[in-house]
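Single-structure report; data block below.
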Protein chains: 2
Amino acid sequence: MASHRRMGPSDSATSNALLDATERVLRNDGYGAATSRRVAQEAGLKQQLVYYYFRTMDDLLLACFRRRTERALVRLEQDAASEHPVQAIWQTLSNASDGKLSFEFMALANHHEGVREEVARFVTESRRIETAAIARLQGERATDTGPVTPAAVAFLLSTVTLMLGREAATGIDEGHKDVRALIEWALGKFD
Amino acid sequence: MASHRRMGPSDSATSNALLDATERVLRNDGYGAATSRRVAQEAGLKQQLVYYYFRTMDDLLLACFRRRTERALVRLEQDAASEHPVQAIWQTLSNASDGKLSFEFMALANHHEGVREEVARFVTESRRIETAAIARLQGERATDTGPVTPAAVAFLLSTVTLMLGREAATGIDEGHKDVRALIEWALGKFD
DNA sequence: GTCTATACACCGATAGAC
DNA sequence: GTCTATCGGTGTATAGAC
């Protein structure tokens, strides 16, 4: 039974302000704090507007994640098409990857069907792009990289940057210097 | 101003049942669902008993995490003292590491001071144990491992197993076969 | 497009009887 | 150690006026 409640446009200034506010709340206080009242307050809007622009809180969370992945994929494709794709991707992920937010969405994916599917789609797609870029380099150089395959490097690129950023945010730096050197050594085999 | 409310023992059958129930709730529905009523229901107990055994919900969550890390460190020390420490740790982390629960606690750490400190303590301590075990092997063999240092391997051991398990649970397997082969190759340099 | 008003459920936490 | 009862607050979501 569909609701008869009215709905607002999906790309207005107000809806984007709500998405921005949602990101801030997730970053600062986690998904447990991402309530309609809290998000609206963060955006300086009334609580009920959340339901005008997004049918449910689940929809808001999903839209928030989708906006982020779309932007990330655009950037990733730019990096992959650049002169030194592997270095560019490594730099982008090392600097920009917002570990706190990513983790919040990954935890959310554990019990939010829509987010889970979107996370799977995003990871699969971005790893596909990364693997292709690395394989292209390998083809050009024709060097033997042994077990350091494009797919393995793509996995390490994304997961190691994520974990480095997250641990640093938690006050951990055990082994970070060494692993950074190791990854850069592995990357050097391609680019 | 301290509360005058009475408190129960911290290692009774009932308090452990509550901790078990908390783990199940976190695993199935995330920390947002870990409410006193929900946890009590899961344990077949009354909601108010949560506050008899644990002062606040934050305390319950923290106790739940502490119990897990204590058990994990015991197991890690056993593995580190075994004949093939690196292989043993890799196997234990690959099989037993409960990715969903770990992620839930890591996300929780983002905005829960007590859990954040405990996560930092646990990661630092376990990585220290792993690094020592790997370095001991390196000393015995006296082989040159280049950039594949004990600290780097320790970082990869814990983070790669965590991410492999988590992605598998989300329905992702992009690059998993390759990265497993790569890690096992790196481990072979030591053990 | 934004407002007021409101429904109804669930939250953490406490008091005090048994 | 476990129970009943309960407080004040907050949650999602909707109806309907402006």
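Order of the sequence lines sets the chain letters (A, B, ...), proteins ahead of strands, with each chain counted from 1.
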Do the side chains of A:Met7 and A:Leu62 join up, straight or via other hydrophobic residues, at under 4.5 Å, putting them in one cluster?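 No, it is not one cluster - the side chains of A:Met7 and A:Leu62 are not joined through contacts under 4.5 Å.
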
For [X], what residues pass the side-chain contact (heavy atoms from CB on, under 4.5 Å) criterion, not counting sequence neighbours?
| X | answer |
| --- | --- |
| A:Gln48 | A:Lys46 |
| A:Asp98 | A:Arg27, A:Arg68, A:Lys100, A:Leu101 |
| A:Ala186 | A:Val148 |

Provide, to the nearest angstrom, the distance between the [atom1] atom belonging to [X] and the [atom2] atom belonging to [N].
| X | N | atom1 | atom2 | answer |
| --- | --- | --- | --- | --- |
| A:Tyr51 | D:dA13 | OH | C1' | 6 Å |
| B:Arg5 | D:dC3 | CZ | P | 16 Å |
| A:Asp59 | D:dT12 | CG | P | 13 Å |
| B:Tyr52 | D:dT2 | OH | P | 8 Å |
| A:Leu61 | D:dT12 | CG | C1' | 13 Å |

Is [X] touching bases, backbone alone, or none of the nucleic acid, heavy atoms closer than 4.0 Å?
| X | result |
| --- | --- |
| B:Phe54 | nothing |
| A:Thr14 | sugar-phosphate |
| A:Thr56 | sugar-phosphate |

Using heavy atoms and a sub-4.0 Å distance, could you list which residues of residues 31-50 of chain A are near DNA chain C? By number, please.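 Going residue by residue through residues 31-50 of chain A, the ones with a heavy atom under 4.0 Å of DNA chain C turn out to be A:Lys46, A:Gln48, A:Leu49.
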
Could you tell me which residues satisfy side chain to side chain donor-acceptor pair (under 3.5 Å) with B:Asn16, sequence neighbours excluded, listed by chain and number?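 Expected list: B:Asp11, B:Arg67.
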
Applying side chain to side chain donor-acceptor pair (under 3.5 Å), can you list everything that pairs with B:Gln47, at least two apart in sequence or on another chain?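 Side chain to side chain donor-acceptor pair (under 3.5 Å) check on B:Gln47 returns B:Ser36.
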
Residues that, via side-chain heavy atoms closer than 4.5 angstrom, fall in one hydrophobic cluster with B:Leu45: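 Grouped by the 4.5 Å side-chain rule, B:Leu18, B:Leu19, B:Val25, B:Val39, B:Leu49, B:Val50, B:Tyr51, B:Tyr52, B:Tyr53, B:Phe54, B:Met57, B:Leu60 form the rest of the cluster around B:Leu45.
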
So, is A:Tyr53 near the phosphate of C:dT2, with a side-chain N or O under 4.0 Å from OP1 or OP2?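 Result: yes.
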
Listed nucleotide nearest any side-chain atom of B:Met57, set D:dA13, D:dG1, C:dA13: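 My answer, after comparing the listed nucleotides, is C:dA13.
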
What class does the angle between the rings of B:His176 and A:Phe155 fall in, given that below 30° is parallel, 30 to 60° is tilted and above 60° is perpendicular?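 Judged by the thresholds at 30° and 60°, the geometry between B:His176 and A:Phe155 is perpendicular.
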
Could you name each residue pair satisfying salt bridge (charged side-chain N to carboxylate O under 4.0 Å, His left out) that touches residues 115-134 of chain A, not counting sequence neighbours?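 As it turns out, the salt bridge (charged side-chain N to carboxylate O under 4.0 Å, His left out) pairs with a partner in residues 115-134 of chain A, which skip direct neighbours, are A:Arg66-A:Glu118, A:Glu113-A:Arg116, A:Glu118-A:Arg121, A:Glu125-A:Arg128, A:Arg127-B:Glu167.
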
Kindly state each residue pair satisfying salt bridge (charged side-chain N to carboxylate O under 4.0 Å, His left out) with at least one member in residues 168-190 of chain B, sequence neighbours excluded.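 For residues 168-190 of chain B, and leaving out neighbouring residues, there are no salt bridge (charged side-chain N to carboxylate O under 4.0 Å, His left out) pairs at all.
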
Any pair with a residue in residues 107-131 of chain A that passes ring-ring contact (aromatic ring centres under 6.0 Å, His included), sequence neighbours left out, goes on the list, sorted by first then second residue, please.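 Qualifying pairs, neighbours excluded: A:Tyr31-A:His111.
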
Every protein N/O lying under 3.5 Å from an N/O of nucleotides 16-18 of chain C:
from   : atom 1 : to     : atom 2 : distance (Å)
C:dA17 : N6     : B:Arg6 : NH2    : 3.3

Through what angle, rounded to 10 degrees, does the axis of the helix from C:dG1-D:dC18 to C:dC18-D:dG1 turn between its ends, using five pairs per end?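 About 10°, once rounded to a multiple of 10°.
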
